[in-house]
Amino acid sequence: MKGVNSLRDLKKVGFIVPSSNTALEPITVSMASQIGDRISFHFGRVIVQTLDTDEKSIGQFKTDKMVASAVLLNDADLDAILWNGTSGSWSGQGLQADVTLAVEMETATGLPASTSTLAQIEVLEKYGVKRFAMAGPYVDGPTQGLVNFYKGLGYDVVKTSQMNERANVAFANTPLSTIKDLLREADSPEAECIVVACTNWPVALVIDEMEEELGKPIYDSICVTLWKAMRMVGINVPIHGWGRLLRNDPTLAKIDTALANLLESCHASRTTFRLDLPERNCHVDMVCAEACAPGVKPLKLDPSLNQRALKTVQWLETSHRTLVQGDCANAEVPPPKALMGVYGVKAQMLTPLYQGDDLIAWISVHYIPSTREWSEKEIQALESTMEDVKKLLVEEKWIS
């Protein structure tokens with residue numbers, strides 16, 4: 001954020017938050033810290049203490065209370081406003097309640113407005129989801145309300161899990177191990193994804209790990225609300241480390257496909273693409289595209305190494321050539337110890353991409369089972385893939 005000329009440069013998003021919610025604010029700010037020079041968040045609250053389907057609980061979510069909070073938030077000269085809560089989807093009020101709320105907030109403030117529930121439905125529609133599982137912290141009433149809501153919209157909720165808690169303040173304090181267990185319990189082979197309809201349950205903190213374990217997307221309310229907010233203010237860059245939804249990008253998806261083809265042609269264990277392009281929120285310390293053979297641990301989840309300090313990367317910077325290593329343990333240019341010790345890589349290739357004289361990206365090909373000789377055909381496949389990626393980045397106007 002220190003790089004901005006004025007806070008006026010930031011897109012400002014207002015979130016209306018349940019008063020007892022302590023999860024969504026720190027998690028949202030943490031997720032968006034990667035683009036902290038582009039967007040800021042401003043929070044207003046409405047009184048919410050318990051989550052159930054009794055009259056008193058549902059009365060906490062009256063439209064006039066939300067609109068009053070939106071009007072107060074609008075004093076901050078915002079660019080968009082959202083109800084960061086899921087009450088419409090479990091309280092029995094139905095989809096129209098959220099549609100009406102969004103319209104009334106827009107009318108009262110003159111700002112584009114939405115809700116977590118509307119964002120969740122938009123995500124399901126975007127990815128063509130029809131059958132999903134649900135996990136949440138709720139008791140029977142809200143859980144069944146969610147099932148009825150989504151079934152009423154034509155979705156098939158194949159399985160649910162619940163924590164059986166009513167006090168909203170307790171949701172945020174759930175041990176992450178409990179959240180993981182409930183996600184596992186909810187999962188089903190029939191489910192295309194897992195939906196979490198609660199903005200005070202810190203699923204986002206384990207979403208990358210659990211998506212990898214379960215092999216499917218988890219559409220968490222805090223994440224989908226941020227995803228929608230970013231698009232409402234015209235910010236369309238990937239956010240890394242917080243699940244597939246926020247990381248998904250059409251250009252990077254095409255690179256994922258290219259890497260999958262390279263993985264197959266080289267009979268490799270893993271292929272990765274790293275890119276330094278801050279305006280697209282891509283930095284070389286975080287893998288931005290990847291393909292892995294079955295059972296191979298991804299590197300997308302691990303930004304721990306300073307890539308520019310690695311001997312192999314420094315070799316690319318000075319040599320302007322493909323680095324081919326058939327035996328990492330005895331290579332003249334030493335690969336990082338963590339790559340060999342933690343990830344078990346025994347052979348690798350790296351090929352660079354430059355802008356002028358500056359190294360801005362590279363593709364890596366890893367092999368885990370043993371040392372090996374890389375064939376000329378495999379080296380050519382790697383270099384050809386980088387040419388294809390470069391052409392794509394130029395076409396998409398990521399680079400010139």
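On a predicted model such as this, the values are computed, not experimentally measured, just so you know.
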Evaluate T109 against N74 for side chain to side chain donor-acceptor pair (under 3.5 Å), listing each step before the verdict. CA-CA 6 Å; T109 64; N74 196 35; 4.9 Å; no

Assess the residue pair Q34 and N281 against the criterion (side chain to side chain donor-acceptor pair (under 3.5 Å)); give the C-alpha distance rounded to whole Å, side-chain angles, the decisive distance to 0.1 Å, and a yes or no. CA-CA 7 Å; Q34 298 173 27; N281 195 37; 2.8 Å; yes

Name each donor-acceptor pair under 3.5 Å that joins a side chain in residues 147-156 to protein atoms two or more places apart or in another chain, with its distance.
from	atom 1	to	atom 2	distance (Å)
N148	OD1	Q144	NE2	2.9
N148	ND2	Q144	O	3.3
D156	OD2	R131	NH1	2.6

List the atom pairs, with distances to 0.1 Å, where a side-chain N or O of residues 340-358 and a protein N or O form a donor-acceptor pair under 3.5 Å, not counting sequence neighbours.
from	atom 1	to	atom 2	distance (Å)
Y343	OH	D302	OD2	2.6
K346	NZ	I368	O	3.1
Q348	NE2	Q325	OE1	2.8
T351	OG1	T322	OG1	2.7
Y354	OH	L316	O	2.4
Y354	OH	H320	N	3.3

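A salt bridge links D208 with R247: the closest approach of a Lys/Arg side-chain nitrogen to an acidic carboxylate oxygen falls below 4.0 angstrom. A salt bridge is absent between D187 and R184: the closest approach of a Lys/Arg side-chain nitrogen to an acidic carboxylate oxygen does not fall below 4.0 angstrom. With salt bridges taken as basic N to acidic carboxylate O contacts below 4.0 Å, one links E396 and K254. Using a 4.0 Å cut-off between charged side-chain N and carboxylate O, E378 and R372 make a salt bridge.
In this structure, the side-chain contact (heavy atoms from CB on, under 4.5 Å) partners of M232, at least two apart in sequence or on a different chain, are A80, L82, P112, S114, K228. Evaluation of the side chain to side chain donor-acceptor pair (under 3.5 Å) rule for E192 yields no partner, not counting sequence neighbours. For R280, there are no salt bridge (Lys or Arg N to Asp or Glu O under 4.0 Å) partners two or more places apart in sequence or in a different chain. With sequence neighbours left out, the salt bridge (Lys or Arg N to Asp or Glu O under 4.0 Å) criterion links E383 to no other residue. The side-chain contact (heavy atoms from CB on, under 4.5 Å) test applied to P298 returns E212, E290, C292, L301, not counting sequence neighbours. With sequence neighbours excluded, the residues that form a side-chain contact (heavy atoms from CB on, under 4.5 Å) with A97 are Q93. With sequence neighbours excluded, the residues forming a side-chain contact (heavy atoms from CB on, under 4.5 Å) with T178 are M163, T174, P175, L182, listed by chain and number. Taking the salt bridge (Lys or Arg N to Asp or Glu O under 4.0 Å) definition, one finds that D276 meets it with R308, sequence neighbours left out.
Listed by first and then second residue, the ring-ring contact (aromatic ring centres under 6.0 Å, His included) pairs involving residues 253-286 amount to none (not counting sequence neighbours). Applying the ring-ring contact (aromatic ring centres under 6.0 Å, His included) test to residues at least two apart or on different chains, none of the pairs has a partner in residues 367-400.
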